[in-house]
Amino acid sequence: MIKVIAAEHEAAASKLDQVPAPRAPEIAFAGRSNVGKSSLLNMVLSRKGLARTSNTPGRTRQIHLFGATVEREKKGADGEPAKERLDLVLVDLPGYGYAKVSKSESASWRPLIEGFLRARPVLRALVVLVDIRRGVEEEERDLLEFMAKVRPDVRVLIVATKVDKLSLSARKPAIRKLGEAAGLRVLGVSAETGLGREEVWGAVLGAVALDGPIV
Ligand SMILES: Nc1nc2c(ncn2[C@@H]2O[C@H](COP(=O)(O)OP(=O)(O)OP(=O)(O)O)[C@@H](O)[C@H]2O)c(=O)[nH]1
Ligand SMILES: [Mg+2]
């Protein structure tokens, strides 16, 4: 069980040079507008309303950095349970692929997102969100290709969002189909019900060496 000891909004940047210098391992969340990035961030951090969410696609137009201290139990050297704390930065990236935003504005996001992903040596994992009802499209394929080429050192995780929108029996096949299209393992989540929270943390913390900075 992952406990979030502290979480706070640290910075918002509309340009790369406004992003603060790296201070802790980073986990970034990317995906189409309205896919549920900010909601998932709040869900994993157990903080409703920390990242602003909205029904209106295109809500998050800047890069937002959230500092978090998490704690998990693990077995100590003597076999007794021990607590381990880790400082992390979670990054809410602007959504892409929203047609109603002006061309010039949406075009300006790609260099910002790609520039960020390229520039952060502390980036350990990228969570790519895909709506379970929608599947992998051109933008996701481009992003996965970009990461494989430019940041092969970063773990990429696909998360299928809004699984609560599908019936129980429809979820597994949809997730399997998504995994086949992406060629990667897919975790199903629901920010509404909290489904998948531990699995996302498991994958994220697996990418961040836990023998890293202990606070
Ligand atoms: N049913 C359901 N709705 C969700 C879920 N996650 C997000 N939503 C809803 O989807 C809408 C968009 O969520 P956001 O988290 O703001 O999406 P975003 O990806 O951050 O969007 P942008 O900031 O515009 O890129 C909101 O109305 C959320 O309440 C989910 O797991 N289930
Ligand atoms: Mg958002």
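Not measured: the values here are computed from a predicted model. When a ligand or atom number is given, it counts from 1 through the structure's own listing order.
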Colleague: So, T69 and D87: side-chain donor and acceptor under 3.5 Å apart, yes or no?
Modeller: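 Yes, a side-chain donor-acceptor pair sits under 3.5 Å.
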
Colleague: Numbering the atoms of ligand 1 from 1, which are under 4.0 Å from a heavy atom of S190?
Modeller: 31 (O)

Colleague: State the atoms of ligand 1, each with its element, that fall below the 4.0 Å cut-off from a heavy-atom position in G36.
Modeller: 7 (C), 13 (O), 14 (P), 15 (O), 17 (O), 18 (P), 19 (O)

Colleague: Strictly under 2.8 Å, is any N, O or S atom of T53 next to the Mg ion (ligand 2)?
Modeller: no

Colleague: With heavy-atom distances below 4.0 Å as the criterion, list the atoms of ligand 1 near G95.
Modeller: 25 (O)

Colleague: Are D153 and R124 close enough for a salt bridge, meaning some N to O gap below 4.0 Å?
Modeller: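 Salt bridge absent between D153 and R124.
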
Colleague: Looking only at distances, please establish whether an N/O atom of ligand 1 is found under 3.5 Å from an N/O atom of R52.
Modeller: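 N/O-N/O distance under 3.5 Å: no.
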
Colleague: Select the closest option to atom 28 (C) of ligand 1 among A51, S39, A160, judged by heavy-atom distance.
Modeller: S39

Colleague: When you compare ligand 1 with T161, is there at least one nitrogen or oxygen pair between them that comes in under 3.5 angstrom?
Modeller: no

Colleague: Record the part of N34 in heavy-atom contact with ligand 1 below 4.0 Å; permitted values are side chain, backbone, both and neither.
Modeller: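 Contact part for N34 vs ligand 1: both backbone and side chain.
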
Colleague: Look at atom CZ of R23 and say whether more than 12 heavy atoms of other residues, nucleotides or ligands are closer to it than 6.0 Å.
Modeller: yes

Colleague: Between R47 and E8, does at least one N-O distance fall below 4.0 Å, as a salt bridge requires?
Modeller: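 Salt bridge: no.
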
Colleague: So, D92 and S38: side-chain donor and acceptor under 3.5 Å apart, yes or no?
Modeller: yes

Colleague: With E71, which residues qualify under salt bridge (charged side-chain N to carboxylate O under 4.0 Å, His left out), at least two apart?
Modeller: R85

Colleague: Got a salt bridge between E140 and R32, using NZ or NE/NH1/NH2 to carboxylate O under 4.0 Å?
Modeller: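 Yes, this pair counts.
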
Colleague: Quick check on contacts: which atoms of ligand 1 are under 4.0 angstrom from a heavy atom of A191?
Modeller: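 Under 4.0 Å from A191, ligand 1 has these atoms: 6 (N), 30 (C), 31 (O).
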
Colleague: Does any N/O atom on D92 come nearer than 3.5 Å to any N/O atom on ligand 1?
Modeller: no

